[in-house]
Amino acid sequence: MANYYDIDDIIMEQQLVPVVFHKAVNGVEIDPSAETDYVEAGSKVELPLWLAYELHLKQVVKMKVPACFNHRTKLELGADGAAVDLRSRCLYFYEFGCKIAPLIGDRDMGSFLLSAFRTRYQQILAKAHNAAFTAPSKLLSFLTKEETNLYEAAQSSMAAFKKWRIGGPRFERASVLGRKRKSTD
């Protein structure tokens with residue numbers, strides 16, 4: 001499931017997912033404070049995505065919608081998506097949503113993630129282009145990992161453009177263009 005060498009993908013798969021066990025499981029230590037290593041059928045626990053995925057494939061658990069994608073978050077992103085602190089809810093909000101959507105059977109998750117990204121994308125680029133030479137704003141504390149990468153790329157692009165415009169290397173005319181053709185007469 002994970003991209004083996006991508007540290008961000010590995011960290012994203014550590015996000016907790018609420019699950020409900022269909023079957024009783026023996027010999028599993030989910031809660032270190034529990035007296036037994038037994039999980040009853042119908043138990044609700046939170047597991048890392050990588051473990052929940054494997055148990056889901058074996059039809060031992062059913063995944064539920066994680067808290068970062070609950071109805072309240074959807075309402076907040078619908079009202080003013082640019083002002084919502086997604087970093088505190090899930091650092092890998094979009095990637096996690098894309099991986100979890102087919103597992104929880106939510107058909108609207110893709111359109112929700114797309115609309116959330118579109119809403120936030122415009123403000124991220126506007127702030128990045130206007131703040132190319134200033135200190136980072138508090139906006140960075142609200143951004144997910146993907147959005148932070150986008151912000152930094154836009155900011156460095158704008159800084160390079162301004163540097164070029166002020167006096168960076170200019171286009172040079174190719175020496176071939178200055179030569180005249182020989183007449184064929």
Side-chain angles (χ1 to χ4, degrees), residues 1-4 6-25 27-124 127 136-152:
M1 188 170 178
N3 184 352
Y4 190 77
D6 186 7
I7 189 68
D8 290 325
D9 203 36
I10 294 168
I11 294 171
M12 185 271 307
E13 287 198 356
Q14 291 297 319
Q15 294 292 322
L16 296 178
V17 178
V19 298
V20 177
F21 278 84
H22 290 304
K23 303 174 184 176
V25 180
V28 177
E29 186 178 327
I30 293 176
D31 185 9
S33 64
E35 295 177 9
T36 63
D37 293 341
Y38 180 76
V39 179
E40 296 178 10
S43 296
K44 297 177 182 177
V45 295
E46 286 190 334
L47 299 174
L49 177 61
W50 63 268
L51 179 59
Y53 175 76
E54 292 298 324
L55 292 174
H56 178 77
L57 290 178
K58 295 178 181 179
Q59 298 178 349
V60 175
V61 299
K62 177 175 174 42
M63 290 190 200
K64 298 291 184 183
V65 178
C68 59
F69 300 111
N70 62 14
H71 186 66
R72 181 178 173 214
T73 302
K74 290 181 180 183
L75 288 176
E76 288 176 3
L77 284 169
D80 186 14
V84 178
D85 181 7
L86 288 181
R87 179 182 285 263
S88 66
R89 295 178 190 190
C90 180
L91 183 61
Y92 299 94
F93 186 79
Y94 302 107
E95 297 90 341
F96 186 50
C98 289
K99 290 221 178 181
I100 198 90
L103 302 174
I104 61 175
D106 190 349
R107 295 176 187 257
D108 298 329
M109 180 74 75
S111 60
F112 162 68
L113 292 172
L114 180 62
S115 67
F117 186 75
R118 277 185 185 155
T119 304
R120 294 171 64 87
Y121 176 78
Q122 293 170 349
Q123 179 148 2
I124 292 167
K127 295 248 183 196
S137 63
K138 72 174 189 172
L139 173 74
L140 284 176
S141 64
F142 292 163
L143 301 180
T144 65
K145 183 73 171 172
E146 181 73 24
E147 292 170 341
T148 303
N149 292 342
L150 178 66
Y151 179 87
E152 290 170 353

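- Within the 4.5 Å cutoff, the side chain of I104 has heavy atoms near those of the M109 side chain.
- Qualifying side chain to side chain contact (heavy atoms under 4.5 Å, CB included) partners for P48, counting only residues two or more places apart in sequence or in other chains: Q14, L16, W50, L51.
- Side-chain contact between H22 and Q59 is absent, with no heavy-atom pair separated by less than 4.5 Å.
- P18 and P66 get closest at one heavy-atom pair: CD-CA, 3.8 Å.
- In the displayed structure, F112 atom CZ is contacted under 6.0 Å by more than 12 heavy atoms of other residues, nucleotides or ligands.
- Residues L47 and L55 have side chains in contact (heavy-atom distance under 4.5 Å, counting atoms from C-beta outward).
- Between I11 and I7, the closest side-chain pair of non-hydrogen atoms falls below 4.5 Å.
- Residues that satisfy the salt bridge (charged side-chain N to carboxylate O under 4.0 Å, His left out) test with K74, not counting sequence neighbours, are D106.
- With rounding to the nearest 0.5 Å, the separation of CG in L86 from NZ in K145 is 15.5 Å.
- Residue pairs meeting the side-chain hydrogen bond (donor to acceptor under 3.5 Å, both in side chains) criterion with at least one member in residues 40-49: none, sequence neighbours excluded.
- Listed by first and then second residue, the salt bridge (Lys or Arg N to Asp or Glu O under 4.0 Å) pairs involving residues 57-66 amount to none (not counting sequence neighbours).
- The heavy-atom pair separating C98 from P102 by the smallest distance is O-CD, 3.4 Å.
- For Q123, the side chain to side chain contact (heavy atoms under 4.5 Å, CB included) test picks out A82, K127, with sequence neighbours left out.
- You'll find the side chain of I100 reaches within 4.5 Å of the side chain of M63, heavy atoms only.
- Applying the ring pair (Phe, Tyr, Trp, His ring centres under 6.0 Å) rule to pairs touching residues 72-93 yields F69-F93, sequence neighbours excluded.
- Heavy atoms only, all atoms of each residue included: Y94 and L113 are closest at CE2-O, 3.8 Å.
- Separating the NZ atom in K99 from the OH atom in Y53 is a distance of 9.0 Å, to the nearest 0.5 Å.
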**Request:** Assess whether side-chain contact (heavy atoms from CB on, under 4.5 Å) is satisfied between L103 and L49, documenting all intermediate values.
**Result:** CA-CA 10 Å; L103 302 174; L49 177 61; 4.2 Å; yes

**Message:** Quick one, R89 with V84, criterion side-chain contact (heavy atoms from CB on, under 4.5 Å). Give me CA distance, side-chain angles, the key distance, then yes/no.
**Reply:** CA-CA 10 Å; R89 295 178 190 190; V84 178; 3.9 Å; yes

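- A search for side chain to side chain donor-acceptor pair (under 3.5 Å) contacts involving T148 returns R87, not counting sequence neighbours.
- For N149, the side chain to side chain donor-acceptor pair (under 3.5 Å) test picks out no residue, with sequence neighbours left out.
- The main-chain N or O of L77 is never found under 3.5 Å from a side-chain atom of R120 such that the two would form a donor-acceptor pair.
- Proximity of V60 to F21: side-chain heavy atoms (C-beta onward) are separated by under 4.5 Å at one or more points.
- Remark: R72 pairs with E76 by the side chain to side chain donor-acceptor pair (under 3.5 Å) rule, at least two apart or across chains.
- Residues passing the side chain to side chain donor-acceptor pair (under 3.5 Å) test with S111: none are found, sequence neighbours excluded.
- Using a 4.5 Å heavy-atom cutoff, the side chains of F96 and V17 are in contact.
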